[in-house]
Amino acid sequence: QVQLQESGPGLVKPSQTLSLTCSISGGSITTSGTAWSWIRQPPGKGLESMGIIYNNGDPYYSPSLESRISVSMDTSKNQFSVQLTSVTPEDTAVYYCARWRNWYADYWGQGTQVTVSS
């Protein structure tokens, strides 16, 4: 049973960097055929894919965020993280991490609320 848990500050000031970590249990971040992603949902809006990192550490980012986003993994801690720079109130959302296998997101974290406000 794979479990994912998001963690990080719930409040970030405008222009600063949003940083979140996803902790994985019940499975390895290096498992063959898997990839690990960040997805967010702003208030009243749909899900938005942010970025994904494969088990070999190769990342891919949404074109709308690629100038500001970085996704990385720490195999020793079985974790992966996201950093989003120069945030604005438009970045306020519930942020999820998820596992991808066979082109399908089969496991999700519960989500964490991040508010961008001064």
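Across all non-hydrogen atoms, the minimal contact from Ala93 to Arg40 is CB-CB, 4.0 Å. Of all heavy-atom pairs spanning Ser64 and Glu48, the tightest one is OG-OE2, 3.7 Å. Nearest heavy-atom pair, Ser62 versus Ser49, reported as atom, atom and distance to 0.1 Å: CB-O, 3.4 Å. Closest of all the heavy-atom pairs between Thr34 and Thr31 is OG1-O, 2.7 Å. Across Glu6 and Tyr96, no two heavy atoms sit closer than the pair OE2-CA, 3.2 Å. The shortest non-hydrogen separation linking Ala35 to Ile52 is CB-CD1, 3.6 Å.
Looking only at side-chain heavy atoms (C-beta outward), Tyr107 and Arg101 stay at 4.5 Å or farther from each other. In this structure the side chain of Trp38 never reaches within 4.5 angstrom of the side chain of Ile69, judged on heavy atoms. Between Tyr54 and Tyr60 there is a side-chain heavy-atom pair separated by less than 4.5 Å. Ser70 places a side-chain heavy atom less than 4.5 Å from the side chain of Tyr61.
Ile39 and Val116 fall into different hydrophobic clusters, where Ile, Leu, Val, Met, Phe, Trp and Tyr residues are linked whenever their side-chain heavy atoms come under 4.5 Å apart, directly or through other members. Under the 4.5 Å side-chain contact rule for hydrophobic residues, Leu20 and Ile53 share a cluster.
Every residue was checked against the side-chain hydrogen bond (donor to acceptor under 3.5 Å, both in side chains) condition with Asn102, not counting sequence neighbours, and none meets it.
Atom OG of Ser117 is separated from atom CG of Asp91 by 13.0 Å, given to the nearest 0.5 angstrom. Distance check: Ser118 OG to Gln16 CD gives 10.5 Å after rounding to the nearest 0.5 Å. To the nearest 0.5 Å, atoms SG (Cys22) and CG (Asp74) are separated by 12.5 Å. Put simply, OG on Ser25 and CG on Leu4 are 7.5 Å apart, with the number rounded to the nearest 0.5 Å.
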Residues 77-88, side-chain donor-acceptor partners within the protein, below 3.5 Å, at least two apart:
from: Asn78; atom 1: OD1; to: Ile29; atom 2: N; distance (Å): 2.8
from: Asn78; atom 1: ND2; to: Ile24; atom 2: O; distance (Å): 3.1
from: Asn78; atom 1: ND2; to: Gly27; atom 2: O; distance (Å): 2.8
from: Gln79; atom 1: NE2; to: Ser23; atom 2: OG; distance (Å): 3.1
from: Ser81; atom 1: OG; to: Thr21; atom 2: OG1; distance (Å): 3.1
from: Gln83; atom 1: NE2; to: Ser19; atom 2: OG; distance (Å): 3.4
from: Thr85; atom 1: OG1; to: Arg68; atom 2: O; distance (Å): 3.3
from: Thr88; atom 1: OG1; to: Glu90; atom 2: N; distance (Å): 3.2

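For residues 102-118, the pairs satisfying salt bridge (Lys or Arg N to Asp or Glu O under 4.0 Å) are Arg99-Asp106, with sequence neighbours left out.
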